[in-house]
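Just the heavy atoms: all of them, side chains too, but no hydrogens, waters or symmetry mates, feed the values below. Quantities reported herein were computed from a predicted structural model and do not represent experimental measurements. Quick note on labels: first sequence line is chain A, next is B, and so on, each numbered from 1.
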Protein chains: 2
Amino acid sequence: MTIKEVSEKYGVEASTLRYYEKEGILSLVPKVNGVRNYTEANLQNIEFVLCMRKAGMNIERLKRYMSMIQDDSKTLERKKILEEQRDDVVRELEVLNACLEKLNYKIEHYQKILDAEKKL
Amino acid sequence: MTIKEVSEKYGVEASTLRYYEKEGILSLVPKVNGVRNYTEANLQNIEFVLCMRKAGMNIERLKRYMSMIQDDSKTLERKKILEEQRDDVVRELEVLNACLEKLNYKIEHYQKILDAEKKL
DNA sequence: ATACAACTTAAAGTATACTTTAAGTCAAGC
DNA sequence: GCTTGACTTAAAGTATACTTTAAGTTGTAT
């Protein structure tokens, strides 16, 4: 699969895919005449990386994690990184839920004001 | 209340409070001899602003919203901004929950590998 | 054989949201 | 009256994560 196809499939810029590769977040992609040709395994890595980025994992942590995915002796370390990330996500979910409550409260409040104005 | 006290109360840098004020996100704070002296109303605005920042509201939207909080004729517009933000938060919650599931799945998977290694 | 579109690289540039710096003011303690 | 510490400003600097640019290569259609 070409970089353009991957870009369109996942809604990610080609330049971002190259950037991740340069940073060592995505392993070297096989090339035909100097042109990237993504394998099924590459695509699975990309899916995971994009998911973790959405989860708020920063580039450094992602780099640390992805540098170990081939190494069976690092299972415990990899698990620890994902647990760190899970804890971060859980905390973020709590924060967002609290914000959502506040937003809903304020929106309702404004609705009441608008309803009262209508009655006049 | 001095800027230092506010900074400590909310865990936000004094420079950030000055920055928000300069951007028009926080209204001009009354000054005594050129030194900021935060009122109770100022503090309530700060609490709200910090909550919205945590909710992922960007500076531009926050500026747009905060510029209208004194204007009764803008209730509908203010409500619309908060509804936009609520929709964003709900979407983000969905994304984060999906990521959390993936993380939990992977963590469990690693745990199984570690358990199997132990048995040998 | 030549033009074109899509790829390549390295390096510089950008967006967002602060944060730091430099230079100055002011009230309080010695 | 002078030092000290906390404040002030405007402007420059920083962190993170890309994104754009410039210059060059390659396969394909004319």
Examine [N]: is either OP1 or OP2 under 4.0 Å from a nitrogen or oxygen in the side chain of [X]? Give yes or no.
X     : N      : result
B/K31 : C/dT25 : no
A/N33 : D/dG27 : yes
A/R36 : C/dT9  : yes
A/Y20 : D/dC18 : yes
B/K22 : D/dT8  : no
B/T16 : C/dA17 : no

Please determine whether a side-chain nitrogen of the Lys or Arg among [X] and [Y] lies less than 4.0 Å from a carboxylate oxygen of the Asp or Glu.
X     : Y     : value
A/R36 : A/E21 : yes
A/R91 : A/D88 : yes
A/E83 : A/K79 : yes

Spacing between [X] atom [atom1] and [N] atom [atom2], to the nearest angstrom:
X     : N      : atom1 : atom2 : result
A/L26 : D/dA17 : CG    : C1'   : 14 Å
B/R18 : C/dA22 : CZ    : P     : 16 Å
B/E13 : D/dA6  : CD    : P     : 15 Å
A/I25 : D/dT16 : CD1   : P     : 13 Å
B/Y38 : D/dC7  : OH    : C1'   : 11 Å
B/L28 : D/dT9  : CG    : P     : 10 Å
A/K63 : D/dT16 : NZ    : P     : 11 Å
B/E23 : C/dT16 : CD    : P     : 12 Å

Treating [X] as the side-chain partner and [Y] as the backbone partner, does any N or O pair qualify as donor plus acceptor under 3.5 Å?
X      : Y     : value
A/E101 : A/A98 : no
A/R78  : A/L82 : no
A/E23  : A/K63 : no

DNA chain D: 5'-proximal contact among A/E60 and A/S15 (nearest heavy atom):
A/E60
Which residue lies more 5' along DNA chain D, comparing A/V35 with B/G34 via nearest heavy atoms
B/G34
Could you work out which one of [options] sits closest to the side chain of [X]?
X     : options               : answer
A/T2  : C/dC18, C/dT19, C/dC7 : C/dC7
B/R53 : D/dA17, D/dC7, C/dC18 : C/dC18
B/N58 : C/dT19, D/dT8, C/dA17 : C/dA17
B/I59 : C/dA17, C/dC7, C/dT9  : C/dA17
A/Y19 : C/dT8, D/dA6, D/dC18  : D/dC18

